[in-house]
Amino acid sequence: MSSKPIVGVVMGSDSDWPTMKEATEILAHFGVPYEKQVVSAHRTPDVMAEYGSLARERGLKVIIAGAGGAAHLPGMLAAYTTLPVIGVPVKTTALGGLDSLYSIVQMPNGVPVATVAIGKARNAGLLAVRMLSMNDTDLAEKLEDYHLSMADESIEKTKNLK
């Protein structure tokens, strides 16, 4: 995106991109500028610490972090920033993403991470948009329109029932 990013979309590995791409698609739909980057809590811990520590200073307002397996990235980023962090558990082959979910959702008091369902990066993007819409009436209006269109789509589905 061309504007200065206000949402950071990070993932532990490029193998998480097929999942995390859905968050960027919803952010783009709403015109929310974002950046995307691989930031590994285990392979590049110093990069991860710097990313979290400087996120607010760089203009970010929300971080969406996806990770699979041990899934420490969202929680570790939350330890380095006071910005909202939304964790996306990425589905794994070993345990179907339950390992990721448990790693992200079980944060200690004082280090919160909002967590969406396994593989639901689209919801993480929508949650970020909702957070940002609290201080942005244009974005709030776009979000209202989006919800109305979802309702219309749902109502239309009744016509498909036979």
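A quick note: this is a predicted structure, and the numbers were derived from the prediction, not measured.
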Atom pair [atom1]/[atom2] of [X] and [Y] - distance to nearest 0.5 Å:
X    : Y    : atom1 : atom2 : answer
S103 : L73  : OG    : CG    : 11.5 Å
K36  : I64  : NZ    : CD1   : 13.0 Å
L98  : K91  : CG    : NZ    : 10.0 Å
L60  : K4   : CG    : NZ    : 8.5 Å
E144 : S133 : CD    : OG    : 8.5 Å

Identify every side-chain donor-acceptor pair in residues 104-124 under 3.5 Å, counting partners at least two apart or on other chains, and give the distances.
{"residue": "T115", "atom": "OG1", "partner": "V113", "partner atom": "O", "Å": "3.3"}
{"residue": "R122", "atom": "NH2", "partner": "Y146", "partner atom": "OH", "Å": "3.4"}

If you draw a 6.0 Å radius around [atom1] in [X], do more than 12 non-hydrogen atoms from other residues or ligands fall strictly inside?
X   : atom1 : value
E25 : CD    : yes
R58 : CZ    : yes
E57 : CD    : no

Check whether any side-chain N or O of [X] sits under 3.5 Å from a backbone N or O of [Y] as a donor-acceptor pair, and report yes or no.
X    : Y    : answer
D16  : G12  : yes
S154 : M150 : no
S3   : P33  : no
T92  : G97  : yes

Step by step, work out the side-chain hydrogen bond (donor to acceptor under 3.5 Å, both in side chains) result for R56 and T81.
CA-CA 8 Å; R56 185 183 299 272; T81 187; 5.3 Å; no

Those residues that, when tested against E156, pass salt bridge (Lys or Arg N to Asp or Glu O under 4.0 Å) (two or more places apart)
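So E156 forms a salt bridge (Lys or Arg N to Asp or Glu O under 4.0 Å) with K159.
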
Evaluate the criterion side-chain contact (heavy atoms from CB on, under 4.5 Å) for residue pair F30 and L132; output intermediate values, then yes/no.
CA-CA 11 Å; F30 283 97; L132 296 167; over 6 Å; no

Any side-chain heavy atom of L143 sitting closer than 4.5 Å to one from H147?
yes

Within the 4.5 Å heavy-atom criterion, are V10 and Y51 side-chain neighbours or not?
yes

Taking all non-hydrogen atoms of both residues, which atom of P84 and which atom of M131 are closest, and how far apart?
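The answer is CB-SD, 3.8 Å.
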
